[in-house]
Each structure stands twice: as structure tokens, then as C-alpha cells.
Amino acid sequence: QVQLVESGGGLVQPGGSLRLSCAASGSIFSLNVMVWYRQAPGKQRELVALISSGGTTNYAGSVKGRFTISRDNEKNTVYLQMSSLKAEDTAVYYCNANARADWRLNSKDYWGQGTQVTVSS
């Protein structure tokens, strides 16, 4: 199995920055696409940014130009650098990874437990 652990959330003022990390551990044969989602109170979970194993990225329109996703394949870690934060970025941020735990198994999606980001003055 693959475990994902997010860190780096917290309280930040509007206009500030935060960097989220998501470390994958356990039995990992391969990590494919890694994705950050977020869910604000009363809203559906939405995709924020994704990065392929080769480094191709894609962003939600609401964060493009403000957020940067990156990954360190040696550390099995994905990052989300968030800048120019707004109140509407307040949400629980979840890490998702498509991974194979063993060469004999199909890939599947794994989720972290989430980390709270609150943007408020």
C-alpha cells in the first residue's frame, strides 16, 4: 500500500504564501500523476493542480499564475507553492497520487488526509 502525508498548511494573511508538501511512502513500485485537490466548506472537491511523472503540469484557472506544483521523484514528494493567497483559497487541501504498489498490481488512486489552509486577516 501507498501512504500519502500532507504538511505545510496553516493560517496566512491575504497576499501571503504557503508551501504544501505531500510525501508518499510504503510499498511504491511507481508514482504516476500526482494531484492537489481542495474542498472548501459547503463546496465540492475541486482539482487545483496536477503533475505527471515526467513533469507536465496543469492548473485550475483560479490558481494559474499564483500556484506552482512540482515534484521530487527521488523523495516521492509533490509540492504546491501558493502565492498571492486569497480568502477564497481557504479550504482543506488533499494530495492524490496514482500509483502502483507492486509490479504485479494495477495502479490505483491514493489519498492523503488533507491539510487545512486558511487565508484570513
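- The shortest non-hydrogen separation linking Pro14 to Ser121 is CD-N, 3.7 Å.
- The NZ atom of Lys64 sits 9.5 Å away from atom OH of Tyr59, with the distance rounded to the nearest 0.5 Å.
- Going from atom CZ of Arg19 over to atom OG of Ser7 covers 8.5 Å, rounded to the nearest 0.5 Å.
- In this structure, Glu6 contributes its side chain and Cys22 its backbone to no donor-acceptor pair below 3.5 Å.
- The heavy-atom pair separating Val2 from Ser27 by the smallest distance is CG2-O, 3.3 Å.
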- request: Assess whether side-chain contact (heavy atoms from CB on, under 4.5 Å) is satisfied between Ser62 and Arg38, documenting all intermediate values.
  value: CA-CA 12 Å; Ser62 60; Arg38 68 185 181 187; 3.4 Å; yes
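- If you run side chain to side chain contact (heavy atoms under 4.5 Å, CB included) between Phe67 and each of Thr57, Leu20, Val48, only Val48 comes through.
- Residues Val117 and Thr90 fail the side-chain proximity criterion, which asks for heavy atoms closer than 4.5 Å.
- Both Leu4 and Val78 are part of a single hydrophobic cluster, where members link through side-chain heavy atoms under 4.5 Å apart.
- Looking at Ser120 and Leu11, their side chains come closer than 4.5 Å, going by heavy atoms from C-beta outward.
- Here the straight-line distance linking atom CD1 of Ile69 with atom CD1 of Ile51 works out to 5.5 Å at 0.5 Å rounding.
- Met34 CE to Cys95 SG: the interatomic distance, rounded to the nearest 0.5 Å, is 4.5 Å.
- Distance check, rounded to the nearest 0.5 Å: CG of Leu50 to CG of Asn98 gives 11.5 Å.
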For residues 79-88, tabulate all N or O donor-acceptor pairs below 3.5 Å that involve a side-chain atom, not counting sequence neighbours.
none

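- Here the CG-OG distance, from Asn32 to Ser52, works out to 9.5 Å after rounding to the nearest 0.5 Å.
- At distances below 3.5 Å, at least one donor-acceptor pair connects side-chain atoms of Arg100 with backbone N or O atoms of Leu105.
- Taking 4.5 Å as the limit, every side-chain heavy atom of Leu31 sits out of range of all side-chain heavy atoms of Asn73.
- Within the structure, ring pair (Phe, Tyr, Trp, His ring centres under 6.0 Å) contacts touching residues 91-121 (residues at least two apart or in different chains) are Tyr37-Trp111.
- Smallest separation of non-hydrogen atoms from Asp89 and Arg66: OD2-NH1, 2.8 Å.
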